[in-house]
Amino acid sequence: MSVLQPVRGTHDLLPDEARRHRLVEEIAFDVARRYGFGEIITPIFEFTEVFSRNLGETTDVVSKEMYSFTDRSGEGLTLRPEGTAGVARAFISGGLSQHLPLKLFYRGPMFRYERPQKGRLRQFHQLGVELLGVEGSQADVEVIALAAHILEALGLKDNVRLELNSLGDAASRANYRDALVAYLSGRKDQLSKDSLERMERNPLRVLDSKDESDRQVVADAPLMQDYLNDESRRFFDEVQNGLAAAGVPVTLNSRLVRGLDYYCHTAFEFTTTALGAQGTVLAGGRYDGLIGQMGGPATPGIGWAAGIERLSMLFAGEAPVVRPLVLIPMGTADAAVGLAQRLRHAGFTVETGYSGNMKKRLARANKVNARAAIILGEEEWARQAVAVRDLDSGEQEEVPLAALEDRLSRFR
RNA sequence: GCGGGUGUAGCUCAGUUGGUUAGAGCGCCAGGUUGUGGUCCUGGAUGUCGUCGGUUCGAACCCGAUCACUCGCCCCA
């Protein structure tokens with residue numbers, strides 16, 4: 001351990017990267033607002049049970065990836081590994097069932113103890129949405145259309161593919177699970193050791209295996225869609241029709257499974273091939289049972305989350321930087337301070353150098369991509385004027401102080 | 001948690017079969033202009049060669065451990 005290194009799997013977002021990160025967030029939130037979503041900010045840690053009881057005891061996230069600790073009063077707390085459970089908890093704590101349907105947007109750090117890789121960190125950032133209180137498939141359609149819209153706004157439309165599946169309701173899922181286990185049990189000798197474990201913990205995961213032999217077994221396995229009951233079947237059809245109407249292209253993937261237990265019906269992922277082993281950029285699904293299971297009023301919900309670092313790596317756009325004006329005092333330091341404040345209060349972005357002769361100060365102005373330099377020479381100052389130099393054209397003129405804001409307005 | 005690769009200036013990277021003061025480009029600083037930038041010229045500073053230990057007369061180079069990054073598995077955003 002070297003104290004001068006960031007903790008494994010954590011990263012500093014240095015100014016250039018921080019700007020991209022914030023821009024991605026803002027683009028996403030801007031689109032979400034158009035769909036009526038408002039921001040919710042919940043704590044980054046919760047009582048451990050908020051996650052351990054609701055994500056599923058056997059899931060990887062709960063069984064081996066949580067940053068859990070005991071605080072000074074002996075409470076078991078956990079740094080949030082995902083956003084939905086905390087939002088659901090806040091929904092209940094805050095009595096928000098009075099405000100359904102509810103559309104929430106969130107963003108912020110998440111924590112999972114995993115082996116870091118490209119696009120996979122121990123502290124990473126997600127943005128996501130939750131739509132609570134709508135039973136019908138319009139909610140699924142709107143939330144997925146919003147996701148597609150955000151990815152499009154980020155210029156990623158051609159880099160991602162939407163994969164969709166239905167996990168059915170609880171009854172359908174249980175039936176299917178039994179059928180799948182029965183099928184797999186007859187072929188244990190052909191399954192990888194990972195998949196034999198999956199059969200015990202979460203049989204649906206076997207469908208997702210990358211092992212060649214597993215894939216051959218899975219190719220002939222029973223399909224979820226054949227086990228959907230009428231209700232689930234109809235719901236899935238509605239979602240597909242709605243997405244078609246919204247103009248969102250879909251790839252059906254009957255092997256798409258979600259990692260957390262609370263999902264039902266709609267499950268989806270936007271995937272890319274540009275991030276190595278980390279193909280998922282944005283993923284989510286419906287979780288009708290979660291809030292009731294947590295002890296709140298039975299409330300359906302659907303949502304998704306996206307990894308901001310992953311989005312940021314794919315995002316080609318440049319975060320705009322305001323071009324400042326640079327003030328250059330020549331033996332007029334106090335006057336420069338006063339003028340800088342005057343211009344900042346008038347809404348200009350003003351930088352002042354801290355040392356050096358004019359040559360150095362102009363060179364630095366260049367480096368910060370300044371639009372213009374305002375030179376406070378003693379002679380001009382005596383005439384109540386300054387020299388204004390356009391750093392793009394090189395043109396320079398003397399401007400009376402009284403007219404300064406006016407003359408500078410074109411450099412805004 | 002498992003397996004592979006990598007680790008030399010702020011950045012991108014050279015560094016011959018182990019041999020003495022470890023290099024380049026970019027960037028940075030200074031000067032060429034005691035009130036004028038972006039180009040150009042000149043000069044300068046870079047560094048526990050990831051860390052610790054071992055082999056050797058001698059290690060950036062060989063060996064071991066460790067840390068970090070990276071690729072894949074697991075899993076996921």
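Chain A is the first sequence line, chain B the second, and so forth, proteins listed ahead of strands; every chain is numbered from 1. Quick note: numbers below take in every heavy atom, side chains included, and nothing from hydrogens, waters or symmetry partners.
Checking B/U46 for Watson-Crick or G-U wobble geometry (two distances, each under 3.5 Å) identifies no partner in any strand. Pairing for B/C26 goes to B/G10, judged as Watson-Crick or G-U wobble with the two contacts each under 3.5 Å. Both distances falling under 3.5 Å, in either a Watson-Crick or a G-U wobble arrangement, place B/C73 opposite B/G1. In this structure B/C62 sits in a base pair with B/G54, meeting the Watson-Crick or G-U test at under 3.5 Å.
As rounded to the nearest Å, B/U17 and B/C71 have C1' atoms that lie 31 Å from one another. Straight-line distance between the C1' atoms of B/A9 and B/G4: roughly 29 Å, to the nearest whole Å. Between the P atoms of B/U16 and B/C73, the separation comes to 35 Å (whole Å). Comparing the C1' positions of B/G7 and B/G50 gives an interatomic distance of 6 Å, to the nearest angstrom. Nucleotides B/U70 and B/C62 place their P atoms 24 Å apart, quoted to the nearest Å. Nucleotides B/C63 and B/A77 have their P atoms positioned 41 Å apart, rounded to a whole Å. If you take atom P in B/U34 and the same atom in B/C49, they sit 42 Å apart, rounded to whole Å. Only the P atoms considered, B/U8 is 10 Å distant from B/U51, to the nearest whole Å.
Atom CG of A/D194 and atom P of B/G72 are 17 Å apart (whole Å). Separating the CZ atom of A/R361 from the P atom of B/A30 is a distance of 12 Å, rounded to the nearest angstrom. Put simply, CD on A/E65 is 12 Å from P on B/G1, counting in whole angstrom units. Going from atom CG of A/D60 over to atom P of B/C76 covers 6 Å, rounded to whole Å. In this structure, A/Q117 atom CD and B/U6 atom C1' are separated by 15 Å, rounded to whole Å. Atom-to-atom, CD of A/E197 to C1' of B/C75 comes out at 13 Å; the value is rounded to the nearest Å. Atoms CD (A/E82) and P (B/C75) sit 18 Å apart, rounded to a whole Å. If you take CE of A/M66 and P of B/C75, they are 18 Å apart, rounded to a whole angstrom.
Side-chain contact, A/T70 with A/E75: no donor N or O sits under 3.5 Å from an acceptor N or O. In this structure, a donor-acceptor pair under 3.5 Å is absent between the side chains of A/Q190 and A/S213. Judged purely by distance below 3.5 Å, without hydrogens or angles, the side chains of A/D140 and A/S137 never pair a donor atom with an acceptor atom. In the model, A/D390 has no side-chain atom that pairs as donor or acceptor with a side-chain atom of A/Q396 under 3.5 Å. Judged by distance alone, the side chains of A/E130 and A/Y287 do bring a donor and an acceptor atom under 3.5 Å apart. In summary, the side chains of A/S93 and A/R89 do present a donor paired with an acceptor at a separation below 3.5 Å, with no hydrogens or angles considered.
A cation-pi arrangement is absent between A/R80 and A/F111, since the terminal nitrogen or guanidinium carbon is not both under 6.0 Å from the aromatic centre and inside a 45° cone about the axis.
Contact annotation for A/A283: backbone-only contact, meaning every heavy-atom pair under 4.0 Å involves sugar-phosphate atoms and none involves a base. Among the protein residues, A/G119 comes within range of the nucleic acid bases, having at least one heavy atom under 4.0 Å from a base atom. At a threshold of 4.0 angstrom between heavy atoms, the contacts of A/G356 with the nucleic acid are absent. Note on A/L121: a base of the nucleic acid sits closer than 4.0 angstrom, heavy atoms only.
Summary of the strand contacts: A/K367 and A/S209 both lie near RNA chain B, and taking for each the nucleotide with the nearest heavy atom, the more 5' one is attributed to A/K367. Comparing A/R115 and A/K118 along RNA chain B, the residue whose closest nucleotide (by nearest heavy atom) sits nearer the 5' end is A/R115.
If you check B/C71, B/A77, B/C75 against the side chain of A/T280, the one that comes closest is B/A77. Distance from the side chain of A/R310 is smallest for B/A77 among the nucleotides B/C69, B/A77, B/C74.
With hydrogens and angles ignored, the 3.5 Å screen pairs a side-chain donor or acceptor of A/S192 with a backbone N or O of A/S195.
For a distance-only test at 3.5 Å, the side chain of A/R120 qualifies as a donor-acceptor partner of the base of B/C74. Residue-to-nucleotide contacts include no donor-acceptor pair under 3.5 Å from the side chain of A/R112 to the base of B/C75.
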What nitrogen or oxygen pairs link the protein and nucleotides 33-37 of chain B at under 3.5 Å?
from  : atom 1 : to     : atom 2 : distance (Å)
B/G35 : N1     : A/E380 : OE1    : 3.0
B/G35 : N1     : A/E380 : OE2    : 3.4
B/G35 : N2     : A/E380 : OE2    : 2.8
B/U36 : O2     : A/R389 : NE     : 3.3
B/U36 : O2     : A/R389 : NH1    : 3.1
B/U36 : O2     : A/Q396 : OE1    : 3.2
B/U36 : N3     : A/Q396 : OE1    : 2.9
B/U36 : N3     : A/Q396 : NE2    : 3.1
B/U36 : O4     : A/Q396 : NE2    : 2.7
B/G37 : O2'    : A/N366 : ND2    : 3.1
B/G37 : N7     : A/R389 : NH2    : 3.1
B/G37 : O6     : A/R389 : NH2    : 3.4
B/G37 : N1     : A/L391 : O      : 2.6
B/G37 : N2     : A/N366 : OD1    : 2.6
B/G37 : N2     : A/L391 : O      : 2.6
B/G37 : N3     : A/N366 : OD1    : 3.0

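For A/H11 and A/F124, the distance between ring centers is not under 6.0 angstrom.
A ring pair (Phe, Tyr, Trp, His ring centres under 6.0 Å) with A/F105 is found for exactly one of A/F37, A/W304, A/F29, namely A/F29.
Looking at A/R412 and A/T349, their side chains never come closer than 4.5 Å, going by heavy atoms from C-beta outward.
Here the CD atom belonging to A/E17 is positioned 12.5 Å from the CZ atom belonging to A/R22, to the nearest 0.5 angstrom.
Within residues 149-170 of chain A, no residue is approached by RNA chain B to less than 4.0 Å at the level of any non-hydrogen atom.
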